[in-house]
Number of protein chains: 2
Amino acid sequence: MSDTRQDVRKPRLSRERILDAAMGLADRDGIEALTIRALADELGTKPMTIYHHIDGKEALLDGMVDAVFSEMAKPPVELEWRDALRVRCRSAREVLGRHPWSVPLLESRHHPGPELLAHHESVLVTLDRAGMPLPLVAHAYAVLDSFVYGFAMQEANLAVQRGDEDAELAGEIAAAFDPGAYPMMTRFAMEHAMRPDFNFGDSFDVGLDLLLDGLARAVDRERA
Amino acid sequence: MSDTRQDVRKPRLSRERILDAAMGLADRDGIEALTIRALADELGTKPMTIYHHIDGKEALLDGMVDAVFSEMAKPPVELEWRDALRVRCRSAREVLGRHPWSVPLLESRHHPGPELLAHHESVLVTLDRAGMPLPLVAHAYAVLDSFVYGFAMQEANLAVQRGDEDAELAGEIAAAFDPGAYPMMTRFAMEHAMRPDFNFGDSFDVGLDLLLDGLARAVDRERA
DNA sequence: CTTGCGAATCGTACTAAGTACGTCTAGCGT
DNA sequence: ACGCTAGACGTACTTAGTACGATTCGCAAG
């Protein structure tokens with residue numbers, strides 16, 4: 001009873017409930033469907049109520065980005081640095097894939113939240129215990145994150161096109177093809193990319209290993 | 001005379017002039033400042049006039065993205081594949097850096113323009129003549145573009161923060177730091193990232209070489 | 001030089017979205 | 001029981017995209 005009353009009354013809204021709903025809405029309907037009004041409907045309330053918990057839409061987006069970082073696994077300290085980073089990067093890619101709207105947002109937010117900072121700290125620590133000097137740490141971090149973000153960005157792109165129409169889109173693209181204007185692209189599509197067993201995501205581990213192997217060699221060179 | 005008259009009269013507007021102005025405006029004031037009204041002002045005209053040349057704002061953005069691709073150097077056919085790709089990737093990074101707003105757009109456009117298609121074709125051809133089998137071509141392309149896009153995205157991020165306030169921003173971030181809550185980040189910043197000779201962009205060539213070297217090794221393994 | 005046609009331009013207005021401001025109300029402590 | 005305050009809400013203003021119809025301009029033919 002008191003539970004019911006409390007549930008309906010007191011904590012009707014909270015920053016967390018709003019963030020959860022916002023992320024769910026963005027996951028489901030896309031980031032462009034995330035409007036304050038739609039969010040209010042989702043929460044069974046009115047637009048202005050949301051402003052009592054969150055300081056404008058920018059702050060909402062900042063909060064969502066930080067929540068995304070909170071979902072990413074940090075590099076496990078008990079693993080050797082390469083394995084630890086592999087775990088972290090795979091998790092990051094998976095999380096970004098689950099929240100495709102977040103990828104372009106990562107770029108435009110300039111208010112790092114606590115989760116983001118903690119995440120960065122943990123990665124830096126891992127690179128440090130790999131024995132990298134600071135300049136190499138900087139390169140390693142920049143390079144790994146560039147790859148992860150960029151890959152997630154391309155995957156998000158593909159996902160949208162897949163969900164959009166597929167047939168219509170493919171037809172449109174095909175129509176733009178002069179017969180044989182792009183022979184290599186055509187061959188590539190026909191003989192590989194359109195095959196049922198082709199999976200863009202398979203390239204992730206390939207690239208990740210390329211980078212980790214290269215970094216390991218760089219560490220070895222430092223040691224010598 | 002007739003030149004003057006023609007210059008003032010006939011071609012008052014055109015798709016090209018609109019695209020140029022839109023890109024200039026986005027470069028100068030940021031993509032969020034690119035509104036149809038602002039663009040009309042920039043061109044000395046009225047909003048609705050623009051719609052006679054371009055089919056809505058989405059089409060405008062599509063056109064801008066394609067224009068960005070047109071600025072990127074294709075891999076020169078006369079160079080060995082690794083050098084050719086290095087030229088292409090460096091150029092891509094430079095162009096994306098010049099048009100920071102374009103990076104998030106690359107993801108959201110699903111109407112590939114002719115320049116984009118031609119660019120992709122040229123890269124695929126280069127990978128093909130490197131002797132890669134199609135599956136490796138796919139991996140190479142995915143991995144290289146992920147890195148280039150992701151790197152450009154992070155650079156765009158830094159550029160914004162730099163231009164924004166610098167002092168205010170740095171203070172804000174510093175304020176979020178519990179004294180010593182992020183020791184490795186602090187050390188990294190103090191002893192490396194805040195030093196005047198530190199340059200994030202230096203990591204680009206490092207990562208690019210990591211990937212190209214790794215791909216070259218993969219090609220060699222295929223040969224064996 | 002006039003006239004008329006079609007393309008380019010513009011004015012008006014509607015819709016969607018973010019949000020400032022003032023009011024209202026429920027539930028708490030006194 | 002009563003008033004105080006946090007949270008919720010209604011209204012309305014602002015910015016932005018864009019549909020629709022009227023208007024104007026430049027050129028070519030008479």
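The basis for the numbers below is simple: all heavy atoms, side chains too, and nothing from hydrogens, waters or symmetry mates. Below, chains carry the letters A, B, ... as their sequence lines are ordered, and counting in each starts from 1.
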Open item on the list: For nucleotides 15-20 of chain C, give me one character per nucleotide, 5' to 3': B if any protein heavy atom sits under 4.0 Å from the base, S if the only such contacts are to the sugar-phosphate, - if neither.
Closed with: --BBBB
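- Partners of Ser102(B) according to the side chain to side chain donor-acceptor pair (under 3.5 Å) rule, which considers only residues two or more places apart in sequence or in another chain, do not exist here.
- One can place CG of Leu13(A) at 19 Å from P of dT25(C), the figure rounded to the nearest angstrom.
- Residues passing the salt bridge (charged side-chain N to carboxylate O under 4.0 Å, His left out) test with Asp128(A) are Arg187(B), sequence neighbours excluded.
- If you measure from atom CG of Asp41(B) to atom P of dG17(D), you get 12 Å, rounded to the nearest angstrom.
- For the OP1/OP2 pair of dA6(D) and a distance below 4.0 Å, the side-chain nitrogens and oxygens of His53(A) include no atom meeting the criterion.
- Judged by atom type and distance alone, His52(A) reaches the base of dA8(D) through a side-chain donor-acceptor pair under 3.5 Å.
- Partners of Arg88(A) according to the side chain to side chain donor-acceptor pair (under 3.5 Å) rule, which considers only residues two or more places apart in sequence or in another chain, are His119(A), Asp145(A).
- Side-chain contact check for Arg37(A) versus Asp41(A): every heavy-atom pair is 4.5 Å or farther apart.
- In this view, Thr126(A) and Pro75(A), Trp81(A), Ala84(A), Leu85(A), Arg129(A) satisfy the side chain to side chain contact (heavy atoms under 4.5 Å, CB included) rule, not counting sequence neighbours.
- Scored by the salt bridge (charged side-chain N to carboxylate O under 4.0 Å, His left out) test, Arg15(B) finds no partners at all (sequence neighbours excluded).
- Following rounding to the nearest Å, Lys46(B) (NZ) and dT23(D) (P) show an atom-to-atom distance of 17 Å.
- Atom CD1 in Ile54(B) sits roughly 14 Å away from atom P in dA19(D) (whole-Å rounding).
- Between Thr49(A) and the phosphate of dC9(D), there is a side-chain N or O to OP1/OP2 separation shorter than 4.0 Å.
- The nearest whole Å value for the distance from the CZ atom in Arg17(B) to the C1' atom in dA8(C) is 13 Å.
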